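This report refers to the structure that appears directly beneath it.
Given the structure is predicted, the values throughout are model-derived calculations rather than measurements.
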Amino acid sequence: MQPTTSLESTSPLPNLAEALIKFQSSVPTIHDNAESYHGGFANLPGVLSKIGPALRAAGLVVSQQPEEINGQPGLRTTLMHTSGEHVSAVTPLAINSGKNGTQEWGKSVTYQRRFCLLSVLGLCVGIEDNDADIAEKAAPKPATKVEGVADKDQPLSKGDRELCLGLIQELSADNLARFCKDFRRDFGLASDAKIAPVLTGVKHQNWMNANLKNYV
């Protein structure tokens, strides 16, 4: 299944744009509230509980419904304003094979709903300055280089580590399982070791740069 997205909208969208600005200026920061193989993340109930009041105050509502795209299962996400203006897109669902097809479909819908919600609303988990009215924060400082330690064994900067963890979070369940298995094998970790606490060095980032393409 090709990752094609079908997009539609009303045009122009002055009321929707103004409402979205109002929403982004008032929505609370969305924090991680759940754990997975690779570390913390904000699950769907956590996202919905944060955005609901701010959406309603701005006259916005998000609708998400199953819909086929190119003959394959998909999810339509529609952001609507009380004026009738809206933007809407259908994105494909990556559904893993399993004994319970309905369960796998539900897992994919839940995963996709979370990412589509954040995308259509222009939000990012952990970003406190959602409204862009606060002065831009300084970029994360690079990790301090340790003297006498080879480049590949140097620690990752906070920004690089967060980037690596974010890329892992985008993997499907099957690909994530393969990624974790291979990572543990190549770095001599226990079969049940969590990846996030270990992924701290340049050697781990180099490994991801060389291998991540095999899991997407």
Side-chain angles (χ1 to χ4, degrees), residues 1-34 36 40-96 101-137 162 165-173 216:
M1 179 173 59
Q2 297 297 318
T4 304
T5 298
S6 173
L7 176 67
E8 65 179 49
S9 68
T10 55
S11 182
L13 305 169
N15 297 300
L16 178 61
E18 183 178 358
L20 189 56
I21 292 172
K22 178 182 178 181
F23 164 79
Q24 291 178 343
S25 68
S26 60
V27 65
T29 302
I30 301 172
H31 293 291
D32 293 343
N33 67 336
S36 67
F41 71 102
N43 61 19
L44 181 59
V47 173
L48 290 172
S49 66
K50 289 290 187 180
I51 68 175
L55 278 174
R56 291 187 288 273
L60 296 169
V61 64
V62 179
S63 171
Q64 294 183 296
Q65 305 174 47
E67 182 175 320
E68 284 194 353
I69 178 172
N70 298 328
Q72 299 292 334
L75 179 75
R76 176 174 290 280
T77 298
T78 304
L79 174 63
M80 297 173 282
H81 183 249
T82 52
S83 65
E85 297 172 4
H86 73 272
V87 291
S88 184
V90 183
T91 52
L93 294 173
I95 302 176
N96 298 318
T102 302
Q103 184 181 58
E104 293 301 322
W105 177 85
K107 286 162 58 177
S108 181
V109 169
T110 298
Y111 184 89
Q112 191 80 310
R113 283 186 66 193
R114 178 163 53 95
F115 280 94
C116 288
L117 272 172
L118 294 173
S119 178
V120 75
L121 295 172
L123 302 178
C124 184
V125 175
I127 301 299
E128 298 184 13
D129 187 14
N130 286 327
D131 62 359
D133 289 335
I134 303 174
E136 183 177 354
K137 297 179 181 179
E162 289 178 349
L165 293 176
L167 291 172
I168 297 172
Q169 188 171 347
E170 298 292 335
L171 300 178
S172 67
V216 296

Any heavy-atom pair between the side chains of [Y] and [X] that's under 4.5 Å?
X: Thr77; Y: Thr91; result: no
X: Asn15; Y: Thr82; result: no
X: Pro12; Y: Glu85; result: no
X: Leu123; Y: Phe23; result: yes
X: Gln64; Y: Leu117; result: yes

Would you sort out whether Leu48 and Arg113 count as a side chain to side chain contact (heavy atoms under 4.5 Å, CB included), showing the intermediate values?
CA-CA 10 Å; Leu48 290 172; Arg113 283 186 66 193; 4.1 Å; yes
Side chain to side chain contact (heavy atoms under 4.5 Å, CB included) between Tyr111 and Leu93: does it pass, once the steps are laid out?
CA-CA 9 Å; Tyr111 184 89; Leu93 294 173; over 6 Å; no
Walk me through whether Leu16 and Leu60 qualify under side chain to side chain contact (heavy atoms under 4.5 Å, CB included).
CA-CA 8 Å; Leu16 178 61; Leu60 296 169; 3.4 Å; yes
Locate the shortest heavy-atom distance separating [X] from [Y]; write the atom from each residue and the value.
X: Gln112; Y: Pro92; value: NE2-O, 2.7 Å
X: Leu13; Y: His86; value: CD2-O, 3.9 Å
X: His81; Y: Gly59; value: CD2-O, 3.3 Å
X: Thr78; Y: Ser88; value: OG1-OG, 2.8 Å
X: Leu20; Y: Leu79; value: CD1-CD2, 4.3 Å
X: Ala54; Y: Ser26; value: CB-OG, 3.8 Å

Taking the side chain from [X] and the backbone from [Y], do they hold a donor-acceptor pair closer than 3.5 Å?
X: Ser108; Y: Glu104; result: no
X: Ser49; Y: Pro45; result: yes
X: Ser25; Y: Lys22; result: yes

